[in-house]
Novice: 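I have a structure here, written as structure tokens, and I will follow up with some questions on it.
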2 protein chains.
Amino acid sequence: MDSTQLHLPEPALRRLPWYLSYAKLALERGETTVSSTQIAKDIGVEASMVAKDLSYINVTGKTRVGYSTFTLIEVIETFLGFTETHKAFLFGVGRLGGALLQDNGLRQFGLEIIAAFDVKFELAGTNINHIPIHYIDRMNELRQQTGVDIGILTVPINQAQEVADMMIQADFKAIWNFTPIRIRVPNNIVVQNTSIYAHLAVMFNRLRMNP
Amino acid sequence: MDSTQLHLPEPALRRLPWYLSYAKLALERGETTVSSTQIAKDIGVEASMVAKDLSYINVTGKTRVGYSTFTLIEVIETFLGFTETHKAFLFGVGRLGGALLQDNGLRQFGLEIIAAFDVKFELAGTNINHIPIHYIDRMNELRQQTGVDIGILTVPINQAQEVADMMIQADFKAIWNFTPIRIRVPNNIVVQNTSIYAHLAVMFNRLRMNP
DNA sequence: TAGATTGTTAATCGATTAACAATC
DNA sequence: TAGATTGTTAATCGATTAACAATC
């Protein structure tokens, strides 16, 4: 099974980091093997779903034993691309943008922000957490120098589409969209929408439904 | 149709904020009506899906015209609970926790963080953005004083379950979980998992699949 | 061997999409 | 009226769940 070409359902991809975190904690506790049934019980997911998700990636367990904790961590991390370094530009150094620049945790998951851009003149030339901030018009030039093709969108909503268009023009391949706007892109561009407010909507709704 | 008791699919709930942002931008541009077909075209979603999503909530459009932009904004905001104020406690004042405390945007979406807790003694008594930070052992007392029942979880992964258990013990009704850990909770507790790393996993995978 | 586990295949469930009737 | 739009109903699609065979 060539797992690098297999199309995984998005829900399955989102669950893999759970198993990864679980395995990491298990390793800390000194557990050398983990079984899918145990994972399922501990994180409240169907056992067959865990098994199915793990069958997508290139890892085999031992009957009556489970998976080697160490191998499982390694395989999931590699499969998800967390062991490589993906370079990215960040657009919009506001509160959220600034927080992402501060977050060294991203590097652990394979993402390195190497430059940030903003329209505020006073930010140009400064840096946050050793990441340089440039005025937006230098983007194309630096993009060509570095070959970066992932852009992180943390601008105000009324500039979201405009800045996304700029990225598309500059031949970016992926946009990580933190705005609550659904941006329009050609379908060869990968977009991940991460609007925390959408989660608030779901949370409030479920709270209201509860007895 | 009593929309307060209808069970909406989670994907639909997550799309509503898109329509809301779209309507807000349309209002800024001076458009007094928006049609579901136009929304669909502009944000790249099926028109029938937009219509279906909007049919869940208590809003009616006019044939040949669409929805009143103003009414649509009001109805979605109210339905999603963004017009009320939901009070919350935040647990774990690290980079991410600190960023959330700074983010006044949350208030616009109906969430107000009124206190934060941490195990670092040196943080107790300080505040961020006028929100007081307490040592963790004061949580129960303040919870009883304030009646807060939403907890935001931004602690390190090896403390995630422990702190979640503490919240459950203290009778919290909802946990907004920003850790990559899938926490175990009784099923009367509402959990929203917002791990940005899961989105990275999907993004890297889709990038690899692309031609 | 008995029992626990992996991992596949089939059945079910629910969301999305398509078709279309109703309306202005 | 013709055409654009809402909004519902039926068909399709895909993910989850259940059942179970294989393995140690």
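A, B, ... follow the sequence lines: proteins, then strands. Residue 1 opens every chain.
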Novice: Output the single nucleotide from D:dG7, D:dA10, C:dT8 whose closest atom is nearest the side chain of B:Ser55.
Specialist: D:dG7
Novice: Whole-Å distance between D:dT16 C1' and B:Glu10 CD?
Specialist: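 Atom-to-atom, B:Glu10 to D:dT16, this comes out as 15 Å.
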Novice: Across all strands shown, which nucleotide pairs with D:dT9 by Watson-Crick or G-U wobble geometry, both distances under 3.5 Å?
Specialist: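 Across all strands, the one nucleotide that pairs with D:dT9 is C:dA18.
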Novice: Toward the 5' end of DNA chain D, which comes first, A:Glu46 or B:Thr37, by nearest nucleotide?
Specialist: B:Thr37
Novice: Quick one: B:Leu54 CG to C:dT16 C1', roughly how many Å, whole number?
Specialist: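 Atom-to-atom, B:Leu54 to C:dT16, this comes out as 16 Å.
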Novice: Taking atom CD as the centre, does A:Gln169 end up with more than 12 heavy-atom neighbours from other residues, nucleotides or ligands that are less than 6.0 angstrom away?
Specialist: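 Counting other residues, nucleotides and ligands, CD of A:Gln169 stays at 12 neighbours or fewer.
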Novice: Using whole Å, what does the distance between atom C1' of nucleotide C:dG14 and atom CG of B:Leu13 come to?
Specialist: 15 Å
Novice: Name the pairing partner of D:dA4, where a pair is Watson-Crick or G-U wobble with both distances under 3.5 Å, or state none.
Specialist: C:dT23
Novice: Distance check: side-chain N/O of B:Arg15 vs OP1/OP2 of C:dT16, anything under 4.0 Å?
Specialist: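 Looking at the OP1 and OP2 atoms of C:dT16, one of them is under 4.0 Å from a side-chain N or O of B:Arg15.
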Novice: Taking atom CG of A:Asn187 as the centre, does the number of heavy atoms from other residues, nucleotides or ligands within less than 6.0 Å exceed 12?
Specialist: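 Incorrect, the count does not exceed 12.
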Novice: What nucleotide, of C:dG7, C:dT17, D:dC24, holds the atom closest to the side chain of A:Arg64?
Specialist: D:dC24
Novice: In whole Å, I'd like the distance from the OH atom of A:Tyr67 to the C1' atom of D:dC24.
Specialist: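 Computing the A:Tyr67:OH to D:dC24:C1' distance gives 14 Å.
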Novice: A cation-pi test, strictly: NZ or CZ of B:Arg143 under 6.0 Å from the centre of the six-membered ring of B:Phe172 and no more than 45 degrees from its axis. Yes or no?
Specialist: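 Here B:Arg143 passes the 6.0 Å and 45° test against B:Phe172.
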Novice: Could you tell me the separation between the NZ atom of B:Lys52 and the C1' atom of C:dT17, rounded to a whole number of Å?
Specialist: 9 Å
Novice: Is A:Thr63 close enough to C:dA4 that one of its side-chain N or O atoms is under 4.0 Å from OP1 or OP2 there?
Specialist: no
Novice: Write down the distance between CG (B:Leu8) and P (C:dT16), rounded to a whole number of angstrom.
Specialist: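 These atoms are roughly 11 Å apart.
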Novice: Between A:Lys24 and A:Glu77, is there a salt bridge with N-O shorter than 4.0 Å?
Specialist: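 Salt bridge between A:Glu77 and A:Lys24, a charged N being under 4.0 Å from a carboxylate O: yes.
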Novice: Of A:Lys62 and A:Asp53, whose nearest nucleotide on DNA chain D comes first from the 5' end?
Specialist: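 Per heavy-atom nearest nucleotide, the more 5' residue is A:Asp53.
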Novice: Could you tell me the separation between the CD1 atom of B:Ile39 and the P atom of D:dA4, rounded to a whole number of Å?
Specialist: 19 Å
Novice: Ignoring backbone atoms, test whether A:Tyr56 places a side-chain nitrogen or oxygen under 4.0 Å from the OP1 or OP2 oxygen of D:dA15.
Specialist: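 For D:dA15, neither OP1 nor OP2 has a side-chain N or O of A:Tyr56 closer than 4.0 Å.
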Novice: If the test is side chain to side chain contact (heavy atoms under 4.5 Å, CB included), which one of A:Ile57, A:Val50, A:Ile73 qualifies with A:Tyr19?
Specialist: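 Testing A:Tyr19 for a side chain to side chain contact (heavy atoms under 4.5 Å, CB included) against A:Ile57, A:Val50, A:Ile73 leaves exactly one candidate, A:Val50.
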Novice: Between B:Ala12 and A:Ser36, which residue's closest nucleotide on DNA chain C lies nearer the 5′ terminus?
Specialist: A:Ser36
Novice: Side chain of A:Ser48 only, heavy atoms from C-beta on: which candidate in D:dG7, D:dT17, D:dA10 is closest?
Specialist: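 Nearest nucleotide to the side chain: D:dT17.
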Novice: For A:Met49 and D:dA15, give me the distance from atom CE to atom C1', rounded to whole Å.
Specialist: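 My rounded result for the distance is 7 Å.
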Novice: Can you tell which of D:dA4, D:dT6, C:dA15 lies closest to the side chain of B:Pro9?
Specialist: C:dA15
